[in-house]
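Before any comments, here is the structure.
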2 protein chains.
Amino acid sequence: MAYRETEKMRQRKAEARKKIIECTWECVSEGGFRSARMTRIAGLAGVATGTIYRHFESREDLFAEIFRLATQREVDKVAEALAVDGSAVERLDNALRQFARRALKGPMKAWALIAEPVDPKVEEERLVYRKAYANLFEQAIRSGITEGCIPDQDARLTSTCLVGAISESLVGPLSPTQTETPPGHDNNEDELVDTIVCFCLRGLTGTRS
Amino acid sequence: MAYRETEKMRQRKAEARKKIIECTWECVSEGGFRSARMTRIAGLAGVATGTIYRHFESREDLFAEIFRLATQREVDKVAEALAVDGSAVERLDNALRQFARRALKGPMKAWALIAEPVDPKVEEERLVYRKAYANLFEQAIRSGITEGCIPDQDARLTSTCLVGAISESLVGPLSPTQTETPPGHDNNEDELVDTIVCFCLRGLTGTRS
DNA sequence: ACAAAGAATGAATATTGATTCAATGCTTGC
DNA sequence: GCAAGCATTGAATCAATATTCATTCTTTGT
């Protein structure tokens, strides 16, 4: 008996794995999942293509993992934004804004996560996370109903409507075919967010707040 | 000189093309674009695979054409539903219901058109048609603003929100992983439609109609 | 009936990266 | 320093269909 996995090795492997994940996300951030090549990822991470396969079952599995990690960050941000003090409507307002702002800040990333056509395993993850968003919103809507600031409704379904409305209206501007984001921080980006959020809140509350 | 394309031939070719289109749509209706094989399409249409390539540049082009034809039918239906008598809100209500009902009636077709991951050329068509829907809604919203039954807003953007909200909330029910559509015409399908439409109209009008 | 011009055929080919795996290089404990 | 076992390498292989194209069949006008 001569070789036994030691802590040092475990760490080194963990680092390699982390590096692969980072470089994959870098590729995805540049051009989405479809155009991310294993060879490029390996090159960026400074490993051979074969090495990737000691850390991930397959390309699809790697991508699913990357998707999970990236989306979880976003879901957490939304959860955070929903956790502030205030009425349910105020908290939803805050969360929707957060979602939209972040999407507009990293359009290619947002497109990859929200709208890019992806392989089945990744699409599965997407459905999971859409549900995660919807669940968060749903909970907030429920408390709004209890509080009385939101009329009674099918919170599960209307939370899905929120996700749809905000995603679609961002994907238009986000779509990588329409990359022409003008130079300066357009303040009509704020108007964009305002309009979308306003639509969403009206949809829930039925008032012209 | 001996052979010159005659009317009879032109017709025969047109028929073959039509048959290919029909059979492609049949395949797509069964399992979406991804799983539609050229060989299967050729088989159904009673032609050789090579023959398809006399009518269409490539698989992607064929699919883009099929997508265009199928979606145009849906867009026309929405346009029709918007053309009835009544206030803008009533007309939008009608159109949104139409959209949702048709989608729920042919879930696989609707999934292929709305949410299936597709190749770039087809995705491009999808964006065109999303815009087509949005344009129709936008026009109606504009007249609503003029009529006074809808408050002033960025109609282009809120029309996009409509498309997003209705698409997203249908994707769950449409998803082919949840094919188990119970036998009878579920009346909770009607509730589904009601809730979605209600959300959309509230989003536009800001009233609890 | 014949030859010229297409049209149709479908088995063979091309494509495109993901994936494998035999060879090589590192680590470890003694 | 050595041998056992694991990790890494990356060129070669594979897979899955779309696409091609030499061949065969049809149509047309004379």
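Just so it is clear, the structure is predicted and the values come from calculations on it, not from any experiment. Residue numbering restarts at 1 for every chain, and letters A, B, ... go by the order of the sequence lines.
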Between C:dT9, D:dA7, D:dG10, which one does the side chain of B:Val47 approach most closely? C:dT9
For B:Lys13, all residues meeting side-chain hydrogen bond (donor to acceptor under 3.5 Å, both in side chains), sequence neighbours excluded: B:Glu5
Take atom NZ of B:Lys19 and atom P of C:dA8, then tell me their distance rounded to the nearest Å. 14 Å
Rounded interatomic separation in angstrom, taking CD1 from A:Ile41 and P from D:dT9: 15 Å
Is B:Glu138 close to B:Thr160 at the side-chain level, that is, under 4.5 Å between some pair of heavy atoms? no
One thing to verify: whether B:Arg130 and A:Glu168 come together as a salt bridge, which I'm taking to mean a side-chain N less than 4.0 angstrom from a carboxylate O. yes
Relative to each other, are the rings of B:Phe99 and B:Tyr133 parallel, tilted or perpendicular (30° and 60° limits)? perpendicular
Return the polar atom pairs (N/O with N/O) between nucleotides 25-28 of chain D and the protein under 3.5 Å, or none.
| from | atom 1 | to | atom 2 | distance (Å) |
| --- | --- | --- | --- | --- |
| D:dT27 | OP1 | B:Arg12 | NH1 | 2.5 |
| D:dT27 | OP1 | B:Arg12 | NH2 | 3.2 |
| D:dT28 | O2 | B:Ala2 | O | 3.0 |

Take atom CZ of B:Phe56 and atom P of D:dT19, then tell me their distance rounded to the nearest Å. 13 Å
Tell me yes or no: between the side chains of B:Arg91 and B:Ser143, is some donor less than 3.5 Å from an acceptor? yes
With A:Glu65, which of A:Arg59, A:Lys121, A:Arg17 fulfils salt bridge (Lys or Arg N to Asp or Glu O under 4.0 Å)? A:Arg17
Suppose we screen for side-chain hydrogen bond (donor to acceptor under 3.5 Å, both in side chains). Which residues come up paired with B:Tyr129, at least two apart in sequence or across chains? B:Gln72
Is B:Arg34 salt-bridged to B:Asp119, cutoff N-O under 4.0 Å? no
Using whole Å, report how far CZ of A:Arg10 lies from P of D:dC6. 14 Å
In whole Å, what is the span from the NZ atom of A:Lys13 to the C1' atom of C:dC26? 13 Å
Donor on one side chain, acceptor on other, A:Gln153 and A:Thr158, under 3.5 Å: yes
What pairs with B:Ser58 under side-chain hydrogen bond (donor to acceptor under 3.5 Å, both in side chains), at least two apart in sequence or on another chain? B:Asp61
Distance, rounded to the nearest Å, where B:Arg54 contributes CZ and D:dT24 contributes C1': 13 Å
Which ones in residues 61-71 of chain B lie close to DNA chain C, meaning a heavy atom under 4.0 Å from one of its atoms? none
How many Å lie between CD on A:Glu15 and C1' on D:dT8, as a whole number? 16 Å
Ring centre gap for B:Phe56 and B:Phe63 strictly below 6.0 Å: no
Tell me, for nucleotides 11-25 of chain C in 5' to 3' order, what letter each nucleotide earns: B for a base near a protein heavy atom under 4.0 Å, S for only sugar-phosphate near one, - for neither? B-----SSBB-----
